[in-house]
Peer 1: 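What follows is a structure written as structure tokens; I'll ask about it next.
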Amino acid sequence: MSEPAKTPSASPSPGFYPDGQGGQKWWDGERWVDHQPPVDARKAKLDSDLEHYVNQGYRIESRTDYQAVIVSGRPVNHILHLILTLVTFGLWGIVWLAIALTGGEKRRVISA
């Protein structure tokens, strides 16, 4: 197997990069590696990915060494919408239904 087309410049973070032949190879931060990334590199990649998502407003709900569940959005406040629906004689129920179907929390699983 030949080496990738060129080594990433400015020492990018460890990760998979195109090898110039339609495949991918792992860059460990210093050299190209043909095998599964080392454990420390996988943890570092997950840390880097999570930092990116946290900066975009996601929250980390749970995490293991190689996987994390992130959450965006906020839960629907059903008590408030029930009160508003009763006060408006059911009219707010239309808004409540739309929010319940489209709003709320969204979860994603990130793995390295």
Peer 1: Transitively linked via ILVMFWY side-chain contacts under 4.5 Å: Leu80 with Trp92?
Peer 2: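 Result: yes, single cluster for both.
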
Peer 1: What is the distance from atom CD1 of Ile79 to atom CG of Leu84, rounded to the nearest 0.5 Å?
Peer 2: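 Those atoms lie 11.5 Å apart.
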
Peer 1: What distance do His78 atom NE2 and Ile99 atom CD1 have between them, rounded to the nearest 0.5 Å?
Peer 2: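 The CD1 atom of Ile99 is 10.0 Å from NE2 of His78, to the nearest 0.5 Å.
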
Peer 1: Measure the CG-NE2 distance between Leu86 and His81 for me, rounded to the nearest 0.5 Å.
Peer 2: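 Taking CG in Leu86 and NE2 in His81, the distance rounds to 13.0 Å.
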
Peer 1: Identify the two heavy atoms, one from Leu50 and one from Ala68, that lie closest to each other, and give their separation to 0.1 Å.
Peer 2: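 Scanning both residues, the minimum pair turns out to be CD2-CB, 3.7 Å.
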
Peer 1: Taking only residues two or more places apart in sequence or in another chain, which ones pass salt bridge (charged side-chain N to carboxylate O under 4.0 Å, His left out) with Arg31?
Peer 2: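 Applying salt bridge (charged side-chain N to carboxylate O under 4.0 Å, His left out) to Arg31 gives Asp28.
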
Peer 1: Salt bridge or not between Lys45 and Asp49? Use side-chain N to carboxylate O under 4.0 Å.
Peer 2: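 Salt bridge present between Lys45 and Asp49.
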
Peer 1: Return the orientation label for the Tyr58 and Tyr53 ring planes: parallel under 30°, perpendicular over 60°, tilted otherwise.
Peer 2: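 Geometry flag for Tyr53 against Tyr58: perpendicular rings.
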
Peer 1: What's the spacing between Ile83 CD1 and Thr88 OG1 if we round to 0.5 Å?
Peer 2: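 Output value for this atom pair is 11.5 Å.
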
Peer 1: Does a sphere of radius 6.0 Å around CD in Glu51 hold more than 12 heavy atoms from other residues, nucleotides or ligands, not counting ones at 6.0 Å or beyond?
Peer 2: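 Open: at most 12 neighbouring heavy atoms sit under 6.0 Å from CD of Glu51.
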
Peer 1: Would you call Asp47 and Arg63 a side-chain contact if the rule is heavy atoms closer than 4.5 Å?
Peer 2: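 Yes, at least one pair of side-chain atoms sits under 4.5 Å.
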
Peer 1: Out of Arg108, Lys106, Arg107, which residue meets the side-chain contact (heavy atoms from CB on, under 4.5 Å) rule with Val71?
Peer 2: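 Passing option: Arg107.
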
Peer 1: Looking only at heavy atoms, which two atoms of Glu105 and Gly73 are closest? And how far apart?
Peer 2: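 Distance-wise, the nearest heavy atoms are CG-O, 4.1 Å.
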
Peer 1: Please find the pair of heavy atoms, one from Arg42 and one from Ala112, that lie closest to each other, and give the distance.
Peer 2: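 Heavy atoms only, the tightest pair is NH2-O, 2.7 Å.
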
Peer 1: Could you report the tightest heavy-atom contact between Gln67 and Leu46, atom names first, then the distance?
Peer 2: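 In terms of heavy atoms, the two residues are closest at N-CD2, 3.6 Å.
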
Peer 1: Which atom pair, heavy atoms only, marks the closest approach of Leu82 to Trp96?
Peer 2: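 Shortest heavy-atom contact: CA-CZ3, 3.7 Å.
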
